[in-house]
Every structure is written in C-alpha cells, then in structure tokens.
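For the single chain, residues carry numbers from 1 onward in sequence order.
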Amino acid sequence: MTNFVPKLADFDGNWQIDRHIKDRRAPQLGQFCGTASFHARADGLAYHETGLLTLGSAAPLTATRDYLWRWQAGRIHVDYPDGRPFHNFDPAAPGAHHLCAPDAYSVTYDFNDWPRWLARWRVTGPHKDYTMVTRYKR
C-alpha cells in the first residue's frame, strides 16, 4: 500500500524522466532520458513523453510515447492514443497487468516520495524478458 494516493489532476504538468531497462534476452542495458507532460483535455489527461533512448552500445535514438490517462469508477485508466485500453489501477493499490499475447506486462507504481514517483515494469513471455524502472520528478 502507498501513503500518498494521487488524484488524476495531481499528474497535470511537466515531469523529467529517467528510465533504466534491463533486457535479459539480448542481454543489454538501456536508458531513456527525457520529459513527460500531462495536459488536461475533456476526457482526461493527455500524456506525451519524448527523449533519447540508448540500448546497449547503439547510438541514441529519439523516442516518444503517447497515452490518455482518465478517471473512471475510482481507478486511473491508461489508454493508447486510439482509445484502446492499456491498463488501469487503483491509486491506493497501484498495480496492474496487461496481456499482449503471448507476452505479459506487470506494473507497480510507487507514489511514496510524491511528487517524485516511479513505475516498475516486468515484461515476460516468449518474445520479451525485461524490467524497466521509470522515475518521474517535477
């Protein structure tokens, strides 16, 4: 359980991102450094991140992600930009699973050091085997 329970509006604004990736299949390490923004729109918060992604010894690449975060029935729903559901979680017990057959994604959010927070992903399956930790700060 977490001490701080965020509301959707608490995420609004700009964040710095530091992400570390450990790919057990390659094996290689990765890092993403960039920014994320949450901006209000009628149906929730539009999430956009951009930054540099380095995987192993390869040259850095510009990488972006977009999602829609919205509030529904006491849960935060994270959807893809086209409206398909990605995952949802209870902010008081912030964990979720997503099956992208045949691979499985599990995330745990940690809000205990708010306004610094993090997302820990574990991805497993026949095609993927990695952990990813993303740290957010204002």
Side-chain angles (χ1 to χ4, degrees):
M1 295 296 273
T2 181
N3 293 327
F4 179 77
V5 179
K7 295 176 180 53
L8 190 62
D10 292 327
F11 295 96
D12 194 27
N14 298 314
W15 301 84
Q16 293 178 356
I17 299 176
D18 181 31
R19 177 176 296 139
H20 294 271
I21 305 161
K22 183 176 181 181
D23 187 341
R24 290 171 189 79
R25 211 170 278 292
Q28 67 182 356
L29 298 176
Q31 184 171 5
F32 175 89
C33 293
T35 59
S37 62
F38 289 85
H39 292 290
R41 55 185 242 185
D43 53 352
L45 293 175
Y47 174 93
H48 175 75
E49 72 176 42
T50 187
L52 290 178
L53 173 65
T54 305
L55 294 173
S57 60
L61 301 169
T62 298
T64 63
R65 282 189 183 169
D66 292 287
Y67 297 107
L68 172 64
W69 284 42
R70 57 189 181 78
W71 184 261
Q72 182 179 346
R75 300 179 71 83
I76 293 176
H77 290 252
V78 181
D79 297 336
Y80 293 107
D82 64 4
R84 289 176 300 127
F86 179 32
H87 67 279
N88 67 80
F89 62 93
D90 176 347
H97 302 283
H98 172 76
L99 182 61
C100 186
D103 300 310
Y105 294 70
S106 295
V107 63
T108 303
Y109 294 96
D110 184 339
F111 304 119
N112 286 319
D113 193 26
W114 191 266
R116 294 172 186 252
W117 57 285
L118 59 90
R120 286 185 188 95
W121 285 92
R122 179 73 175 109
V123 182
T124 57
H127 302 297
K128 298 177 182 175
D129 186 6
Y130 67 89
T131 55
M132 182 170 64
V133 178
T134 304
R135 290 172 168 40
Y136 295 81
K137 67 179 182 179
R138 293 277 184 198

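Tyr80 and Leu45 fall within the same hydrophobic cluster, defined by Ile, Leu, Val, Met, Phe, Trp and Tyr side-chain heavy atoms under 4.5 Å apart, directly or through other members. Under the 4.5 Å side-chain contact rule for hydrophobic residues, Tyr136 and Leu68 do not share a cluster. Grouping the Ile, Leu, Val, Met, Phe, Trp and Tyr side chains by contacts below 4.5 angstrom, directly or via other members, places Val123 with Phe89. Connection of Phe111 to Leu118 is not established within any shared hydrophobic cluster, with ILVMFWY side chains joined at heavy-atom distances below 4.5 Å, either directly or through further cluster members. The hydrophobic cluster containing Trp121 also contains Phe11, counting ILVMFWY residues as joined when their side-chain heavy atoms lie under 4.5 angstrom apart, directly or transitively.
The side-chain tip of Arg138 points at the ring of Trp15 from less than 6.0 angstrom away and within 45° of straight on.
Rounding to the nearest 0.5 Å places CZ of Arg65 at 5.0 Å from CD of Glu49. Taken from CG in Leu29 to OG in Ser57, the straight-line distance is 11.0 Å, to the nearest 0.5 Å. Considering CD of Gln72 and CG of Asp79, their distance stands at 8.5 Å, rounded to 0.5 Å. In this structure, CH2 in Trp117 is found 8.5 Å from OG1 in Thr134, a value given to the nearest 0.5 Å.
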query: Please walk me through it: do Thr64 and His48 pass side chain to side chain contact (heavy atoms under 4.5 Å, CB included)?
result: CA-CA 7 Å; Thr64 63; His48 175 75; 4.2 Å; yes

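When the side chain to side chain contact (heavy atoms under 4.5 Å, CB included) test is applied to Ile21, the partners found at least two apart in sequence or on another chain are Arg19, Leu53, Leu55, Tyr130, Met132.
The heavy-atom pair separating Leu8 from Trp71 by the smallest distance is CD2-N, 3.6 Å. The heavy-atom pair separating Ile76 from Trp69 by the smallest distance is CG2-CE3, 3.6 Å. Residues Gly125 and Arg25 come closest through the heavy atom pair O-NH2, 2.6 Å. Residues Arg70 and Asp43 come closest through the heavy atom pair CB-O, 3.2 Å. The nearest pair of heavy atoms linking Asp129 to Thr124 is OD1-CG2, 4.1 Å. Minimum interatomic distance between Pro94 and Pro91 (heavy atoms only, all atoms of both residues): CD-O, 3.7 Å.
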Enumerate, atom names and distances included, each donor-acceptor pair closer than 3.5 Å involving a side-chain atom of residues 96-104, sequence neighbours excluded.
from	atom 1	to	atom 2	distance (Å)
His97	ND1	Ser106	OG	2.7
His98	ND1	Phe86	O	2.7
Asp103	OD1	His127	N	3.2

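With contacts defined as side-chain heavy-atom distances shorter than 4.5 Å, the pair Lys22/Val133 does not qualify. Put simply, the side chain of Thr131 does not reach to within 4.5 Å of the side chain of Arg120, judged on heavy atoms. Side-chain contact check for Gln31 versus Asp18: some heavy-atom pair is nearer than 4.5 Å. Considering only heavy atoms from C-beta on, Thr62 comes within 4.5 Å of Leu52 through its side chain. With contacts defined as side-chain heavy-atom distances shorter than 4.5 Å, the pair His77/Arg75 qualifies. Side-chain contact check for Asp10 versus Trp114: some heavy-atom pair is nearer than 4.5 Å.
Atom CZ of Arg24 has more than 12 neighbouring heavy atoms from other residues, nucleotides or ligands inside a 6.0 Å radius. Annotation for Arg135: atom CZ does not count as buried by contact number, only 12 or fewer foreign heavy atoms lying within 6.0 Å.
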